[in-house]
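Please read the structure below before turning to the comments.
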Amino acid sequence: MNKKLKLETLLMHFGEERKAYEGAVVPPIFQNSLFTFENWEAIDEAFEDRTRHYIYSRGKNPTVSIVEQKIAKMAGGEKAQLFPSGMGAISAAVLHCIKAGDHVVAIKNIYGPANNLLQRYLTQKMNIEVTLVAGDSVEDFAAALRPNTRLIYLESPSSAVFGLQDIQAVAQLARDRNIRTIIDNTWATPIFQKPLALGIDLEVHSCSKYIGGHSDIVAGVVIGRETDIDAIATQEYQWLGAKTAPFEAWLILRSLRTLPIRMRQHQENAMKIARFLETHPKVKSVRYPGLESFPQYALGQQQMSGYSGLMSFQLVTDNLEEIKTFFNGLQVFQIGVSWGGHESLIYAPAISYLKELSPEQFGGMGISLGDMRISVGLEDADDLIEDLQAALQKIS
Ligand SMILES: Cc1ncc(COP(=O)(O)O)c(C=O)c1O
């Protein structure tokens with residue numbers, strides 16, 4: 001296919017061999033566990049290179065492959081491997097980069113279960129050492145390095161407080177020392193941020209968020225160089241048995257076609273809402289990397305080409321009853337934990353964090369009781385603003 005085609009065009013057509021499926025404009029779902037061969041020679045040849053041939057769907061499946069090709073192309077990677085969840089993708093990427101006894105540097109506000117994987121699971125099972133850093137400056141990372149540091153793990157913007165890391169500078173620091181880098185790019189998506197071009201080794205996503213976009217799939221993906229992805233596909237994907245269902249892949253294929261247009265609309269709605277909240281007297285502050293008032297706005301402008309729809313704001317009140325009155329007073333915003341779908345959601349991080357953390361640990365994360373996290377969906381922005389306005393009016 002013509003190399004000059006733009007992303008929107010590639011997402012419609014790239015990786016699809018329509019002649020092979022009777023010209024069907026939507027590829028069929030290859031809902032089969034195995035593939036048959038004409039003779040000994042054919043199956044023997046397939047076993048020569050399992051990364052290129054369809055043999056058994058725990059390995060490679062055509063519906064899954066179409067999606068992997070499209071995602072790799074979109075992110076500017078050589079190859080991609082889909083996973084049945086974002087955590088599956090994160091675990092596989094981390095395991096690929098480390099061995100027992102290695103040291104990992106990660107930012108302190110990474111997605112909770114990724115933090116648990118590093119700090120609770122791998123430290124015990126594989127004797128991994130972990131240092132968590134704020135990650136605001138490259139010096140944070142440099143100061144944490146040890147002779148056995150093998151991996152730096154980033155999430156920019158981070159999903160809890162939207163902290164940014166200087167991706168290019170951290171990637172350079174790591175490369176000079178032969179340290180691998182992983183970034184969770186779920187917030188920005190490859191539409192608004194291209195970490196592989198900035199020198200990162202592996203980009204991971206929860207496709208359950210914007211890439212899926214319809215709140216009907218849980219899936220994940222790892223993108224990177226062919227050598228890394230082939231190794232992950234053989235080892236962590238096949239040996240740990242993390243098979244992606246062809247139907248889930250097919251739903252992602254559907255979603256990818258509208259990803260650029262959805263992201264533009266999420267951004268437009270989110271900007272309007274962020275500006276409305278920022279000037280509201282009952283709102284103390286808004287955390288959204290797209291606002292000029294965001295402390296790392298300049299860095300965001302440097303390394304992102306746009307902003308998605310996840311943000312948080314702090315209510316002026318710290319009275320729990322009032323906070324609940326606001327939270328329960330919303331009609332259009334639904335209450336739920338995930339984000340990145342078509343529907344607008346609200347969640348208060350305090351609900352889960354206060355169950356898992358001591359009040360001191362909670363305070364140390366930079367989050368407070370009155371922090372509201374919203375995922376701005378694709379409804380009409382004015383309806384969403386009216387909904388927020390009405391719920392804010394209910395508190396004093
Ligand atoms: C930033 C981030 N990364 C990864 C994940 C994990 O993805 P999944 O739920 O698909 O396993 C999530 C899920 O909420 C997330 O918010």
Side-chain angles (χ1 to χ4, degrees), residues 64 67 71 75 80-95 106-121 132 135 153-165 167 181-193 195 200 202-223 236-237 240 242-245 247-249 251-252 255 263 266 287-289 304 307-312 334-341 343 345-349 351-353 356 365 367 371 373-377:
V64 178
V67 178
I71 293 183
Q81 176 66 58
L82 272 184
F83 278 86
S85 71
M87 273 312 297
I90 290 169
S91 311
V94 170
L95 287 173
I107 60 151
K108 74 172 185 193
N109 280 317
I110 50 173
Y111 174 61
N115 194 342
N116 291 342
L117 170 78
L118 291 173
Q119 293 229 90
R120 295 198 192 165
Y121 190 80
L132 299 181
Y153 185 97
L154 309 178
E155 187 180 305
S156 183
S158 65
S159 53
V161 297
F162 314 104
L164 310 187
Q165 299 100 58
I167 298 171
T181 45
I182 299 175
I183 188 166
D184 184 331
N185 195 28
T186 305
W187 190 94
T189 80
I191 303 294
F192 290 149
Q193 183 163 263
I200 294 291
L202 292 171
E203 173 177 344
V204 293
H205 289 269
S206 166
C207 300
S208 328
K209 313 295 184 263
Y210 293 112
I211 290 182
H214 295 66
S215 300
D216 53 10
I217 339 167
V218 173
V221 70
V222 186
I223 315 152
E236 287 79 19
Y237 187 74
L240 299 183
K243 175 194 160 277
T244 308
F247 180 56
E248 308 283 80
L251 285 172
I252 299 174
S255 299
M263 293 315 293
H266 280 293
R287 274 196 186 120
Y288 182 58
M304 287 191 279
Y307 305 93
S308 67
L310 189 71
M311 70 180 79
S312 73
Q334 308 285 298
I335 298 169
V337 285
S338 193
W339 49 280
E343 76 290 9
L345 293 168
I346 184 152
Y347 183 63
I351 295 170
S352 48
Y353 283 128
E356 291 167 14
M365 289 198 71
I367 302 173
D371 268 3
R373 190 187 76 173
I374 54 172
S375 173
V376 177

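What you see is a predicted model; the values in this text were computed from it and never measured. In each ligand, atom 1 is the first atom listed, and ligand 1 is the first ligand listed.
A heavy-atom distance below 4.5 Å is not found between the side chains of Leu82 and Glu248. Annotation: side chain of His205 is in contact with side chain of Ile223 (closest heavy-atom distance under 4.5 Å). Here the side chains of Phe162 and Asn109 are not in contact, with every heavy-atom distance at 4.5 Å or above. Residues Ser159 and Thr186 are not in side-chain contact: their nearest non-hydrogen atoms beyond the backbone lie 4.5 Å or more apart.
Ring pair His266/Tyr210 is perpendicular by interplanar angle, where above 60° counts as perpendicular and below 30° as parallel.
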What are the polar N/O contacts of ligand 1 with the protein below 3.5 Å, with distances?
unit_1   : atom_1 : unit_2 : atom_2 : d
ligand 1 : 3 (N)  : Asp184 : OD2    : 2.6
ligand 1 : 7 (O)  : Ser206 : OG     : 3.0
ligand 1 : 10 (O) : Gly86  : N      : 2.8
ligand 1 : 10 (O) : Ser206 : OG     : 2.9
ligand 1 : 10 (O) : Ser208 : OG     : 2.5
ligand 1 : 11 (O) : Gly86  : N      : 3.0
ligand 1 : 11 (O) : Met87  : N      : 2.8
ligand 1 : 14 (O) : Tyr111 : OH     : 3.4
ligand 1 : 14 (O) : Lys209 : NZ     : 2.8
ligand 1 : 16 (O) : Trp339 : NE1    : 3.2

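Aromatic ring centres of Phe192 and Tyr307 lie farther apart than the 6.0 Å criterion allows.
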